[in-house]
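Worksheet for the structure shown next.
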Amino acid sequence: MRVPFSVKVCTLAAAVLAAAVVPAPAEAAARDLSSMDRAFVDAAGHGGAYEVAAGRLATDRAVDPAVTAFGRHMVTDHTKAADKLAALAKGLGLSAPDKPDSVQRAILGIWSALSGRAFDCSYAPAMYADHVADVGLFEREAADGQNAKLRAFARDTLPTLRNHLAMAATNVKGLSCTGGPIGLPVPTWTPGPLPWPTVRPTMKPTHRPTTHPTTRPTTRPRQTPTATPTATRTARPTLLPTLWPTVLPTSWPTRRPTTPVPTGMP
């Protein structure tokens, strides 16, 4: 039975559409990565490239044999770890950084201008601090990472990083960076006169009294109060007011009436 041409065209269009809609396995895995896993890939990529570049400088510019050997270990071990990380990130739909970041490039620029003991005394302590941070980064990813492949990569790389940390600690202890500026003679210093007296004065200050009274006063001075002006008093009135009568009225009888008693009374 022959299939119509229109049916074949529709089937082919449906297959193409399904392929466009369904994401690739790498893209799907990249979307499933957590922010912690992405940050780990980014930091590990930058750190590995930085340590490889710094190790190459150490093999050319270091004067201490231990620091030179440490630089060769950095180039060999971190190149292998960077290749594993790049392949793993590609399978997850990511691209691991293969160059140092801006701060690391600035440090490499400073080391490019140093050599000998100056380079050793700058490079060795920095590598110790850098591997302390690396061990912490990989330990956290091995314990709390969401992606199983990244956790396994961190767990497998940790022994190498711990070995690097022990070597860096030994290099720092074996350095001799004391004295003046590296590469310059230690300046000599001759003490001059001090700006302050070195002997304490023995004389007592003169502002304090040297004698004190032997007797105390037995009497207190009495203060006489000052005289205050007395106010003038007004004299009281000695006479009664003139409104009161001073003479009795003359209309009052002075004696009883002398009217005779009528006769003929029993």
Side-chain angles (χ1 to χ4, degrees), residues 26 29-30 33 36-116 118-143 145 147-172 174-175:
L33 289 178
M36 178 180 174
D37 293 337
R38 293 174 182 272
F40 170 74
V41 172
D42 188 71
H46 284 305
Y50 164 66
E51 287 163 356
V52 169
R56 289 172 180 164
L57 290 175
T59 56
D60 296 335
R61 297 179 174 274
V63 69
D64 193 327
V67 177
T68 304
F70 179 81
R72 286 196 295 266
H73 277 286
M74 294 298 101
V75 175
T76 303
D77 297 342
H78 283 284
T79 299
K80 294 179 180 179
D83 294 340
K84 292 181 181 179
L85 180 63
L88 180 59
K90 185 177 180 181
L92 297 175
L94 298 177
S95 59
D98 56 352
K99 295 180 181 180
D101 59 18
S102 59
V103 176
Q104 294 165 349
R105 289 195 299 269
I107 297 174
L108 292 173
I110 295 173
W111 287 342
S112 300
L114 301 177
S115 61
F119 179 88
D120 294 349
C121 292
S122 178
Y123 170 78
M127 282 296 103
Y128 174 78
D130 186 70
H131 279 84
V132 169
D134 286 348
V135 170
L137 174 69
F138 277 71
E139 285 179 347
R140 188 180 66 173
E141 180 64 23
N147 187 270
K149 294 181 179 180
L150 291 177
R151 286 201 310 270
F153 169 75
R155 187 169 53 251
D156 296 341
T157 312
L158 267 175
T160 303
L161 294 178
R162 292 192 178 112
N163 185 30
H164 291 172
L165 179 59
M167 294 172 62
T170 304
N171 292 341
V172 172
L175 287 178

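Numbers here simply count residues along the sequence, with the first being 1. Any value given below was found using the heavy atoms of this structure, including those in side chains, with hydrogens, waters and symmetry copies removed.
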Just so I know, are the side chains of [X] and [Y] near enough to count as touching, which here means a heavy-atom distance under 4.5 Å?
X    : Y    : value
D130 : E51  : yes
S122 : I110 : no
D83  : T79  : yes
N163 : D77  : no
Y123 : L57  : no

Checking [X] side chain against [Y] main chain: does a donor-acceptor pair fall under 3.5 Å?
X    : Y    : value
E141 : F138 : no
D37  : N147 : yes
T157 : F153 : yes
R61  : S112 : yes
D101 : H46  : no

Checklist outcome for this item: Rounded to the nearest 0.5 angstrom, the CG-CZ distance for D64 and F119 is 11.5 Å

Next on the checklist: Please verify the inter-ring angle class for H78 with H164; under 30° counts as parallel, over 60° as perpendicular, anything in between as tilted.
Outcome noted: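 Correct class here is tilted.
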
Checklist entry - F70 vs H131 aromatic rings, parallel, tilted or perpendicular, using cut-offs 30° and 60°? => result perpendicular

Next on the checklist: Testing the basics here: between G45 and L85, what is the closest heavy-atom pair and its distance to 0.1 Å?
Outcome noted: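 Minimum heavy-atom separation between G45 and L85: N-CD2, 3.6 Å.
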
Item to check | Heavy atoms from other residues, nucleotides or ligands near OH of Y128 exceed 12 (cutoff 6.0 Å) | outcome: no

